[in-house]
Amino acid sequence: MSETITQDRITLAKGLNMGLRRAMEDDPKVLVMGEDVGKLGGVFRITDGLQKDFGEDRVIDSPLAESGIVGTAVGLALRGYRPVVEIQFDGFVYPAYDQIVCQVAKMHYRSRGRSKMPMVIRIPFGGGIGAVEHHSESPEAQFAHTPGLKVVACSNPVDGYWMIQQAIACDDPVVFLEPKRQYHADKAQLDTSATPDPLFSSRVVRRGEHATLLAYGPTVKTALAAAEAASGEGRSLEVIDLRTLSPLDMAPVLESVRRTGRAIVTHEAHVNLGMGAELAARITEECFYSLEAPVLRVGGFDTPYPASRIEEEFLPDLDRVLDAVDRSLDF
Amino acid sequence: MSETITQDRITLAKGLNMGLRRAMEDDPKVLVMGEDVGKLGGVFRITDGLQKDFGEDRVIDSPLAESGIVGTAVGLALRGYRPVVEIQFDGFVYPAYDQIVCQVAKMHYRSRGRSKMPMVIRIPFGGGIGAVEHHSESPEAQFAHTPGLKVVACSNPVDGYWMIQQAIACDDPVVFLEPKRQYHADKAQLDTSATPDPLFSSRVVRRGEHATLLAYGPTVKTALAAAEAASGEGRSLEVIDLRTLSPLDMAPVLESVRRTGRAIVTHEAHVNLGMGAELAARITEECFYSLEAPVLRVGGFDTPYPASRIEEEFLPDLDRVLDAVDRSLDF
Amino acid sequence: MSHHGFGPDLVEVFGPSQSDGGPELVQLLTPEGERTHHPEFDRDFSAEELRGFYRDMVLTRRIDVEATALQRHGELGIWAQLLGQEAAQIGAGRALRPQDHVFPTYREHGVAWCRGVDPLKLLGLFRGVDHGSWDPAEHNFGLYTIVIGAQALHATGYAMGMQRDGVVGTGDPDRDAAVVAHFGDGASSQGDVNEAFIFAASYNAPVVFFCQNNQWAISEPIERQSRIPLYQRALGFGFPGVRVDGNDVLATYAVTQAALQRAREGQGPTFVEAYTYRMGAHTTTDDPTRYRLSDDVERWKLRDPISRVEVYLRRNGLVDDAWIEELKGEADELGARLREGCKAMPDPQPLDMFAHVYAEETDELRAQREGYAAYLETFEEAGR
Amino acid sequence: MSHHGFGPDLVEVFGPSQSDGGPELVQLLTPEGERTHHPEFDRDFSAEELRGFYRDMVLTRRIDVEATALQRHGELGIWAQLLGQEAAQIGAGRALRPQDHVFPTYREHGVAWCRGVDPLKLLGLFRGVDHGSWDPAEHNFGLYTIVIGAQALHATGYAMGMQRDGVVGTGDPDRDAAVVAHFGDGASSQGDVNEAFIFAASYNAPVVFFCQNNQWAISEPIERQSRIPLYQRALGFGFPGVRVDGNDVLATYAVTQAALQRAREGQGPTFVEAYTYRMGAHTTTDDPTRYRLSDDVERWKLRDPISRVEVYLRRNGLVDDAWIEELKGEADELGARLREGCKAMPDPQPLDMFAHVYAEETDELRAQREGYAAYLETFEEAGR
Ligand SMILES: Cc1ncc(C[n+]2csc(CCOP(=O)(O)OP(=O)(O)O)c2C)c(N)n1
Ligand SMILES: Cc1ncc(C[n+]2csc(CCOP(=O)(O)OP(=O)(O)O)c2C)c(N)n1
Ligand SMILES: [Mg+2]
Ligand SMILES: [Mg+2]
């Protein structure tokens, strides 16, 4: 069942599915767990076909209890397995929050390195799919604030394929955020023989001179669209796909901001205490004299996620990003 | 049982206890709930004597289940009560995190204002008491990031007395953080006939010119000590007790930083994505041209809370605050 | 296995949930429309009551059918169908007194109907114009809860509030009140639901845990959540559990009514397992052919909750064709009203997003709202 | 109450937990040291086994007494005493095979003893030099868990791992393995513990839920957590529960052993309620006089787990004064070793705080560590 080299154009959903399959082939200790991940293949079909091929012992349909899923995954990890847990939607990770921040995050530290916790917690996150309450949350800051966890977000099919494998191979617990709005959106060409970037690295995805846009997950697309639109007006924007949120990979960010003198962070999470706050604080500390304007943040407003008919008002979009670019340049 | 005017010197524990008692006298809908809050009066004795005087129906000893405590408090609030929930230690709030961020925080919004959620969630927080794991956490950012919640921290006995009553009177849910290290530490004079500052206001607790120290809860004492020590070296530091973390009361902060040109935030929570990040981002945005140095942060390191024999290394102390002041002034 | 000293293996004794509900199933009306009797829960029903149940179920199904169609036409983002669960919901809903309070999941459209909530308001939520727009206090019917199981604790707390308000066990039938917590078979695995059992037992709270075991939690069969009949869960927490035929509106009514009465009188919680089947998909975005056999669905069709009542009504001359026709007309009218009302529903305004975050708005949120308003105005000025 | 159709009120039937444990209590040795017999769980014990139990309990109590004293002298930050629970822990601990795995709470000092964990390592945690310093894999004994109930899920997951490793139900006694999850009566109210029951039942995982019902969760009596005997909780989840006299080391051993055997053979989970009493304070910072009667404590003193074994051993001539004296000497030696070892325990170094946050340290944490190291050096340079 080994993966042949493909150069197909695939969706993010497919990239993740292929990556999971490859990881399960490579290491028999890799398990997939969660609600509806088996026969159904997950509500987003990310685990489609895996139970059929790897059996019920490796692709485990769980009772409806998130703390139970993560808590038993802790036990499986202690027994030497590498569980990949699927949380059905971002808004349903909170019943497992205690197990994640008190157990998953701390086991390695508590045991002074004796007990590893190689677990991946996959969370489809973010909005824009017209869903009801609790299906469009962006909980990344609540995990990134917790030492012991690593937090990453993929933004495209190719990264989905590689990053999920790298996260599974990582000996630390990784909260793996997947922009659900992108699952079936854009296709990209995957070359499975390529060498991927390291998991915990950020990437400049568009070069520019006048300001730096920092994005991850679903907002990478928004930032790229903004940069494209701005170029029409003679403004050259650099776009960085952060990819890793904890740890942050500050080197490319600082290098860029030192060059452009301006930074705008955009994410769907609430602005208050979101990733933008941390980035603003660090960038300012490191590039104080290079900054021409304060780091600006374009994010979800500090309201609960609204009813879906106005969710696009809540979510950062091209116009709001460009407005921030204007404010930065006019500062 | 009405409160007579006292001018006694009291501890924070006593101030909170008196404030709770007064709130229960003033409004029969106020209930106290939690583990061991009844006969025992709580492990810190904050609810001492309340069950004896107000009965088991108003001071409710709960089964050992934090989600159950907060979840039933939601129901009681919907029925018109004003529950004051005690979480025994900071590290044990996480089983209730789902109820707090998905239910308590969102009920008013979800119902478009029809269902109020006047609940206070009291959390003894912070370290420095020589405790075992999970007893010294600082979870404030995990709540302040959540719209719908209000988050405050008291730092002294007089504020304890007033702020708990104001939080109970507030029609919104309030996460009420109590610096446990201070419960029985310093006494202060309470005048129960005074008029308190509004709940959601910050306060300048020491005037100064050269830099502004921002602190809350347990670090207010540290910041004041640092300012005192610095004054011996001819440095005049302003200290602000933030008191409210969500919403932030930025006016006095900005006024101060515009004057001093420098700000140092100190809290026990991990620096990464802690309150200091948000304060740094906002201050920089608002005072860009007044800042002589980037906002610096002195907090708990980005490690899990360590074994108690080295906890003082983890916690920000006078020296680390002064070191940051030096770095700010030398910038 | 008894050589270990634990007695026979419990799984062998109880077996997994039997497809016919097993011998413990309380039933008053068979799938064939025969009135049967039960030693504990029997009860007479007037012709008017029976016609009322039938009408409620027919109209509830119509709401469901219309909503499903509206979703197909893109008017709703999603819809959680109740097809097959009409009897469980109408039986439970009609057993309520006005002063009782209900905490629903996202699928309790039939109970909402009994509580007088305009079905258009249900559509609003699934259309995405709001998160719930009825007044829980007006209808004694809470907002839909989407995080599985959370409402079981709210119900228990609300019931504790009733105890404190002195409206439990007074003996005054217009005063004594109780709470119903709805949830599904899948929800029975959540910590919150089990903690609700503990709190309710500990405080003897007047709450009825009404679990619609529709055999599925999306694609997970009931066997994943429990290896013994679900109603027996309650026994381990020290309060009674009973399994009722959830496709039998009479039995569901009788059992729920008795459980509510028990609660109102101050005798504490009861667990009611309404044994039923989710005839449709989990929601309109689900594809159940991926995980279940159509045979099962066919078998359950024979136990349709509505047709058995119709058979009984007709056989006993309690309705005639004219009456049935009239009801059809009523359903058609309701359907038309829903279709039109749904499409006519105004979208929320952008700034509505900022309303009601707090009872007392914060300065910082006000500034954010005003900033966004000013930003929006720049577009209007620019004529975009 | 049967007029509601739910049968007699369960609380009346079962009653709250009886102070003598009730008729269902499995006992093999009475408080007076009489050997009794039980239809299911009886078993012969060799003289060596009996002396071993006694020795374990005496030494475990000594560890507890020394630790309590060390806390009083400021050498430990806190100590969670096991006084009165020695039989429950030694019975459970000795029933293990080497390949079984244990998930303890923070009070399982007796089980740790059985697993060969140096008691000094337990002291280290309560002294605050680390969060746990034994190797779980070496002893098949997990680290102490402080968040109530979390470990019940870990245990269940670990047991699921054993199933996948093919070490359950093979018939090879040196291979077949099981897990014990320890927790208290208070913990039985946590969602996590109840979810563990659900997962264990659903997957038929080889796990024994060993609950020491010591009647108290700090100041909350068992009645707050359950209104029926706790072991009956398991029945509602579809697996057996049994109440054993937790002050009777023989019965605890026999019941745990049978439950473990059942699990190892692939017959799934069992719930064991070890009915006992917390003779001391919750921890050294607790003051139980605020919430419980000394009468109760006095009554439980008559059921001391150690003295009943001593009576039995002496009465049957299985030990003599010399043996007892020798054991005392051994205990004194252990005590001295603990006192000295505890005081000699080196404090961690400041930079240890940064170690083991991750298996693969991040650059950002490395920078933080190096920054702090440089900062500390400025003090050394300054000679402070
Ligand atoms: C905490 C949580 N986890 C997951 C989900 C996603 N989800 C929605 S409905 C559902 C299945 C519910 O099954 P059940 O309780 O049987 O109710 P039913 O839908 O059958 O009425 C799941 C897993 C959720 N809403 N909340
Ligand atoms: C989640 C959580 N909530 C609260 C606490 C504080 N706490 C520590 S021990 C304890 C009581 C535990 O009682 P029980 O489970 O009966 O065990 P015992 O201490 O009696 O052995 C409490 C409430 C905790 N450690 N974890
Ligand atoms: Mg269901
Ligand atoms: Mg106990």
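The analysis underlying the following values was restricted to heavy atoms, covering all of them including side chains, and did not include hydrogens, waters or symmetry mates. Quick caveat, the model's predicted, so the values are computed rather than measured. The sequence lines fix the lettering, A, B, ..., with proteins before strands; numbering per chain opens at 1.
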Open item on the list: Heavy-atom cut-off 4.5 Å, strictly under: side chain, backbone, both or neither for R369(C) against chain A?
Closed with: neither
TODO: Would you please classify the geometry between the Y275(C) ring and the W300(C) ring as parallel, tilted or perpendicular, with 30° and 60° separating the classes?
DONE: tilted
Task: Side chains of E273(C) and N213(C), donor plus acceptor under 3.5 Å - done: yes
Open item on the list: Between I146(C) and chain A, with a heavy-atom cut-off of 4.5 Å, which part of the residue counts as in contact: side chain, backbone, both or neither?
Closed with: both
Open item on the list: At a 4.5 Å cut-off on heavy atoms, which part of L351(C) comes close to chain A: side chain, backbone, both, or neither?
Closed with: neither
- [ ] Would you please name every residue forming a ring pair (Phe, Tyr, Trp, His ring centres under 6.0 Å) with F125(A), sequence neighbours left out?
- [x] none
TODO: Go through the steps to decide whether T105(C) and E108(C) satisfy the test side-chain hydrogen bond (donor to acceptor under 3.5 Å, both in side chains), and finish with yes or no.
DONE: CA-CA 6 Å; T105(C) 72; E108(C) 262 63 76; 2.6 Å; yes
Open item on the list: Using 30° and 60° as the class boundaries, would you call the ring planes of F126(C) and W79(C) parallel, tilted or perpendicular?
Closed with: perpendicular
Open item on the list: Which atoms of Q88(A) are under 4.5 Å from chain C, going by heavy atoms: the side chain, the backbone, both sets, or neither?
Closed with: side chain
Task: Closest non-hydrogen atom pair, P95(A) against Q190(C) - done: CB-OE1, 4.4 Å
Task: Proximity breakdown for Y94(A) and chain C, heavy-atom pairs closer than 4.5 Å - done: neither
TODO: Return the set of residues passing side chain to side chain contact (heavy atoms under 4.5 Å, CB included) with E228(A) (not counting sequence neighbours), or none when no residue passes.
DONE: R206(A), S231(A)
Task: Under 4.5 Å from any heavy atom of chain A - which part of D192(C) - done: neither
Task: Residue part contacting chain A, namely of L125(C), when any heavy atom lies under 4.5 Å - done: both
Task: Choice from E66(A), R45(A), E312(A), H135(A) maximising heavy atom contacts with chain C below 4.5 Å - done: R45(A)
TODO: Test M33(A) against every option in V84(A), T72(A), V70(A) by the side-chain contact (heavy atoms from CB on, under 4.5 Å) rule and name the one that passes.
DONE: T72(A)
Open item on the list: Given heavy-atom pairs under 4.5 angstrom as the criterion, report whether the side chain, backbone, both or neither of Y372(C) touches chain A.
Closed with: side chain
TODO: Mind telling me whether Y183(A) and F44(A) have parallel, tilted or perpendicular rings, with 30° and 60° as the class edges?
DONE: tilted
TODO: Could you tell me whether Y144(C) and H182(C) have their ring centroids closer than 6.0 angstrom?
DONE: no
- [ ] Please state whether the side chain, the backbone, both or neither of F301(A) comes within less than 4.5 Å of a heavy atom of chain C.
- [x] both
- [ ] Please flag which part of Y375(C) lies under 4.5 Å from any non-hydrogen atom of chain A: side chain, backbone, both or neither.
- [x] side chain
TODO: Would you mind checking which part of A187(C) comes under 4.5 Å of any heavy atom in chain A, side chain (CB onward), backbone (N, CA, C, O), both or neither?
DONE: backbone
- [ ] Could you tell me which of S188(C), P348(C), G77(C) has the largest number of non-hydrogen atom pairs under 4.5 Å with chain A?
- [x] P348(C)
- [ ] Against chain A, work out which of D287(C), I148(C), I218(C), V357(C) has the most heavy-atom pairs shorter than 4.5 Å and name it.
- [x] I218(C)
Open item on the list: What part of D323(A) gets within 4.5 angstrom of chain C, counting heavy atoms only: side chain, backbone, both, or neither?
Closed with: side chain
